[in-house]
2 protein chains.
Amino acid sequence: MPVTDLLKRGRARAEPAASERAPSAASHALEPLTRTLPEQIAARLAERILNGAYSPGERVREESIATEFAVSRGPAREALRLLEKDGLITILARRGAMVTNLSADEVREIFEIRAVLNGLRDRSVAECEARKQLLPLLEAEVARLAQCARVPALGEQYVETVLQINRLLNRATPNRRLSSYLASLEQQTARYSRLGLSTPERRRQSVQRWQRLVKAIRAGDGAQAERIARERVLESRDAAIALLAAKVATQPGARQPSRIATT
Amino acid sequence: MPVTDLLKRGRARAEPAASERAPSAASHALEPLTRTLPEQIAARLAERILNGAYSPGERVREESIATEFAVSRGPAREALRLLEKDGLITILARRGAMVTNLSADEVREIFEIRAVLNGLRDRSVAECEARKQLLPLLEAEVARLAQCARVPALGEQYVETVLQINRLLNRATPNRRLSSYLASLEQQTARYSRLGLSTPERRRQSVQRWQRLVKAIRAGDGAQAERIARERVLESRDAAIALLAAKVATQPGARQPSRIATT
DNA sequence: TCTTGTTGGATTGTCAACAATCGTCTTGAC
DNA sequence: GTCAAGACGATTGTTGACAATCCAACAAGA
């Protein structure tokens, strides 16, 4: 346990409070500025899980993360509960928590849910009034995407742009609940979804699809936007399960709950 | 605080364990038989919320449910967290928990998500192989539904049959994750969704839709099944928001977080 | 009268210790 | 050599007390 993280700002505050609650940009209503301890811990852990610092199936004990973050087991426990809500952690009663390890079937299930939900999202964006403000940004990002697609070396930037477009669309939906659901689902499959756009051919095809989506949104054609979104997600589903199948073939030791890999 | 519920079976067990873990019917794998205290408490509370014993917006203090169920605040707190995951309880950091109070917009959002998810569910049922076993049950229930629709007095039984059909379909999906998502969403809108089938005319139309759905499933026509499912949920959405609008008109005091309604 | 700072009560957040449970290891018999 | 039963160690579940925070009522000033 090398890194003893100190994140307890917000407690033990006796300082004159120099830069407290920056009054600048309009923050969202009702969102607490001072995040609670479990939330902060959960955020850190989520980062690590998505980074790959924790591998799937790995066990996570309450005590160990409690000592690492210098808190009691209570907040550590709640942090795990929080991550369970997002699907990043799986908790078995009286048997502890571990990093969620999805089977190929489960990954496919999530992608299929994402497909219809992304369809709904893009349809709602295409049919809402506020899309006028969104379109310029969206077009700019798609143009950047087209540029990246032409240069094979810009793979990282390409992926980043796709993520950015998705963020844009997530924020644009009038259906707030949908965007949070989608964020959670995307996080769950993040580990598996990045590698669908490997070949230049695939990318060209994908760019074309994004362009068609933008066109549908501009025209207010919700049904068309929905169709395109679904197509796209279903294709990344196929890529993901292909990837997973390959991975399973190489390292078939998909370890289950037992007493291994505790770090 | 009249009813001091005793649900602490499973602890303090020194008895010879007469009927422990009934070894009969094949239970689901990996589902713990001995549910934890928070889960039991959450189940009881969920019941009350859905019954209407707790009204929306009502505050729920940890201490009070702790004393009521004769446990410490820890399990009470976790029970609330569990209910928050299902959307039945809203928790604000350091400001406590309350029964979720959905605005008309939020209800609509949930129904729209349910629409596409139900579409996916019924499509997947129509396209899966196991639907052969399902069809007889489904047809029987729909027949019962048709009978109930003819007799206005059987309103309660009609609603119950619709719920039963939904349960059947939820269980039939090969996508396990989808069924749990749907269960959660249905629970969240349960309070608002029952009253869409008030008039005999509506019921007749609804029965017809269910019959068309069964036909589509039998034929393996996934696209058609999806269309029908969406139509259905979107219609109940309209009924629900109409109901909500009427309710808001009569009692406009939609109370928010503050210090009211503590029991 | 309206605004602004202060104080008090109530409620949630956190902690450390105890109790219950689970998995594993050892022991013994067949 | 294999399998079953029991004990041990490790980990989670629960508890009661303490600390931090928030809300509301009250008081003082413009």
Side-chain angles (χ1 to χ4, degrees), chain A residues 7-15 17 20-21 30-42 58-82 84 89-98 255-263, chain B residues 7-15 17 20-21 30-42 58-82 84 89-98 255-263:
Chain A
L7 43 70
K8 293 201 195 181
R9 109 196 47 179
R11 305 201 306 176
R13 56 172 64 169
E15 294 87 322
E20 278 280 308
R21 293 178 175 237
L30 270 180
E31 289 207 7
L33 282 308
T34 145
R35 280 176 30 192
T36 172
L37 223 27
E39 282 174 333
Q40 291 174 299
I41 296 172
E58 183 174 329
R59 216 165 147 204
V60 184
R61 275 171 294 130
E62 294 177 357
E63 184 68 44
S64 66
I65 72 175
T67 58
E68 181 185 348
F69 289 96
V71 296
S72 170
R73 265 182 51 220
R77 182 190 184 77
E78 281 217 20
L80 291 175
R81 263 28 215 225
L82 250 34
E84 188 198 20
I89 286 284
T90 303
I91 299 181
L92 280 64
R94 292 189 189 82
R95 263 186 282 177
M98 58 181 177
R255 65 264 222 205
Q256 276 298 324
S258 270
R259 189 82 16 153
I260 38 182
T262 314
T263 304
Chain B
L7 43 70
K8 293 203 195 181
R9 106 195 51 178
R11 305 200 306 176
R13 55 172 66 170
E15 295 87 321
E20 280 280 307
R21 293 179 175 238
L30 271 180
E31 290 207 8
L33 281 310
T34 146
R35 281 172 33 190
T36 74
L37 227 26
E39 282 173 332
Q40 292 174 299
I41 297 172
E58 184 173 329
R59 217 165 147 202
V60 184
R61 274 170 295 131
E62 294 177 357
E63 183 68 44
S64 66
I65 73 175
T67 57
E68 181 184 348
F69 289 95
V71 295
S72 169
R73 265 182 51 220
R77 181 190 185 79
E78 281 217 19
L80 291 176
R81 258 37 213 221
L82 250 34
E84 188 198 20
I89 286 284
T90 303
I91 298 181
L92 279 65
R94 290 188 191 82
R95 262 185 282 178
M98 59 180 175
R255 66 264 223 203
Q256 275 298 321
S258 272
R259 188 89 7 161
I260 37 181
T262 314
T263 294

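Values in this document were obtained by computation on a predicted structure and should not be read as measured data. The chains referred to below are lettered A, B, ... by the order of the sequence lines, with proteins before strands, and numbering in each begins at 1.
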- prompt: How do B:R73 and A:E63 order along DNA chain D: which one's closest nucleotide is nearer the 5' end?
  reply: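 Taking each residue's closest nucleotide, the earlier one in sequence belongs to A:E63.
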Using whole Å, what does the distance between atom [atom2] of nucleotide [N] and atom [atom1] of [X] come to?
{"X": "B:E78", "N": "C:dT12", "atom1": "CD", "atom2": "C1'", "result": "15 Å"}
{"X": "B:I89", "N": "C:dT12", "atom1": "CD1", "atom2": "P", "result": "12 Å"}
{"X": "A:M98", "N": "D:dT12", "atom1": "CE", "atom2": "C1'", "result": "15 Å"}
{"X": "A:R81", "N": "C:dG13", "atom1": "CZ", "atom2": "P", "result": "16 Å"}
{"X": "A:R77", "N": "C:dA16", "atom1": "CZ", "atom2": "P", "result": "16 Å"}

Within the pair [X] and [N], is there a side-chain N or O less than 4.0 Å away from OP1 or OP2?
{"X": "A:R94", "N": "C:dA20", "value": "no"}
{"X": "A:S72", "N": "C:dG13", "value": "no"}
{"X": "A:R95", "N": "C:dG23", "value": "yes"}

- prompt: If you measure from CG on B:L82 to CD1 on B:I89, what distance do you get to the nearest 0.5 Å?
  reply: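 So the gap between those two atoms works out to 11.0 Å.
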message: Just verifying a value: how many Å separate A:I91 CD1 and A:E62 CD, rounded to the nearest 0.5 Å?
response: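 Spacing of CD1 (A:I91) from CD (A:E62) equals 8.0 Å.
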Results of side chain to side chain donor-acceptor pair (under 3.5 Å) for A:E84 - residues two or more places apart only: none
Could you please name the option among [options] that lies closest to any side-chain atom of [X]?
{"X": "B:P38", "options": "C:dT14, D:dT14, C:dG13", "result": "D:dT14"}
{"X": "B:R61", "options": "C:dT12, C:dT14, D:dG13", "result": "C:dT12"}
{"X": "B:R59", "options": "D:dT14, C:dT14, C:dT12", "result": "C:dT12"}
{"X": "B:E62", "options": "C:dC15, C:dT12, D:dT14", "result": "C:dT12"}
{"X": "B:V71", "options": "C:dT14, D:dT12, D:dT15", "result": "D:dT15"}

message: List the residues meeting salt bridge (charged side-chain N to carboxylate O under 4.0 Å, His left out) with B:R81, not counting sequence neighbours, and say none if there are none.
response: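 So B:R81 forms a salt bridge (charged side-chain N to carboxylate O under 4.0 Å, His left out) with A:E78.
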- prompt: Reckon A:G74 touches a base, only the sugar-phosphate, or nothing at all at heavy-atom distances under 4.0 Å?
  reply: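 The answer is nothing, as A:G74 stays clear of every strand by at least 4.0 Å.
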- prompt: Is A:R77 close to A:L80 at the side-chain level, that is, under 4.5 Å between some pair of heavy atoms?
  reply: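 A side-chain contact under 4.5 Å is absent here.
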